[in-house]
Amino acid sequence: MPTVRKRRTIKTPSRKVTRKTANKHKRKVNVIGNKIIRENWDKKATLRQNYARLGLLQSLNGVTGGIEVKNEEELMENEQRSLEELAESLTAEQGIIQRDDAGNIINVIVGKVKSKEELAEIMERDPEPVKAKTDVVRALEAQAANVLKVERYQSDGELVWAAKLVEKYGDDYEKMFWDRKLNPNQQTAKQLKKRIAALLA
């Protein structure tokens, strides 16, 4: 009995994968979401080219290839900044080894012992704002700033949950953080403090 692929070949013997047929099946990006992006979208350019032109980040991961680096000084500056941020987040067991082009060790950065409070502070820290490089990004930021905030109402379950935590631990948010039964999502002490204050207000 012939396989599905063989049956398909028998049915349409002239079907060959060529550049012409492959391009027919290439999915075109149809922007139906944001109006600002839709108006500035170039249908002839690729998704990556459009994102780069609009000043948006096409991937949260680093560039793995296929893109020519034009400004080496800017790249080195960003690399140094990210290295400093990374060094700050290292624990005592971690380290970074910097090497030159020949493979020789230039610098060794070793992480420092951090207390629970310092680690929680690093996790809670808001990222630094980045200046908008294009008009599209500025328009998107203005649009995001003008969005009406919907007031969130607390459910009865949330109120009971907050009351149980306060009844058991009072104002000790650090102990609340370590309670896996009452805090199954492992929210940090700062998150719990903020949430309980809002719930009990």
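Please read all numbers here as calculations on a predicted model, not as lab measurements. When reading the values below, keep in mind they use all heavy atoms of this one structure, side chains included, and skip hydrogens, waters and symmetry mates.
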Colleague: Table please: side-chain donor-acceptor pairs of residues 99-108 below 3.5 Å, with sequence neighbours left out.
Modeller:
from, atom 1, to, atom 2, distance (Å)
Arg99, NH1, Gly103, O, 2.9
Asp100, OD1, Ala102, N, 3.2
Asp100, OD1, Gly103, N, 3.0
Asp100, OD1, Asn104, N, 2.7
Asn107, ND2, Gln98, OE1, 3.2

Colleague: Just jot down the side chain to side chain contact (heavy atoms under 4.5 Å, CB included) partners of Lys44, sequence neighbours excluded, or say none.
Modeller: Asp42

Colleague: Going from OG1 on Thr188 to NZ on Lys193, what distance comes out if it is rounded to the nearest 0.5 angstrom?
Modeller: 11.5 Å

Colleague: With a sphere of 6.0 Å drawn around OH of Tyr169, does it hold more than 12 non-hydrogen atoms of other residues, nucleotides or ligands?
Modeller: yes

Colleague: Could you give the distance from OH (Tyr173) to CD (Gln191), rounded to the nearest 0.5 Å?
Modeller: 13.5 Å

Colleague: Hey, could you give me the CG/CG distance between Asn50 and Leu56, rounded to the nearest 0.5 Å?
Modeller: 9.5 Å

Colleague: Applying side chain to side chain contact (heavy atoms under 4.5 Å, CB included), can you list everything that pairs with Glu167, at least two apart in sequence or on another chain?
Modeller: none

Colleague: The criterion is side chain to side chain contact (heavy atoms under 4.5 Å, CB included); which residues satisfy it with Lys168, sequence neighbours excluded?
Modeller: Asp179, Leu182

Colleague: Between Trp178 and Val166, is there shared hydrophobic-cluster membership here, with clusters defined by ILVMFWY side-chain heavy atoms closer than 4.5 Å?
Modeller: yes

Colleague: Side-chain polar contacts of residues 136-143 - donor-acceptor pairs under 3.5 angstrom, sequence neighbours left out - could you list them?
Modeller:
from, atom 1, to, atom 2, distance (Å)
Arg138, NH1, Ala132, O, 3.0
Arg138, NH2, Asp135, OD1, 2.9
Gln143, OE1, Asn34, ND2, 2.9

Colleague: Could you tell me which non-hydrogen atom of Gly170 sits nearest to which non-hydrogen atom of Met176, and how far apart they are?
Modeller: O-CE, 3.2 Å

Colleague: Write down the atom of Ala162, the atom of Ile196, and the distance for their closest heavy-atom approach.
Modeller: CB-CG1, 4.3 Å

Colleague: Between Gln186 and Phe177, does a side-chain contact (heavy atoms from CB on, under 4.5 Å) hold up when you go through it step by step?
Modeller: CA-CA 6 Å; Gln186 288 295 285; Phe177 166 68; 4.2 Å; yes

Colleague: Arg53: which residues meet the salt bridge (charged side-chain N to carboxylate O under 4.0 Å, His left out) condition with it, sequence neighbours left out?
Modeller: none

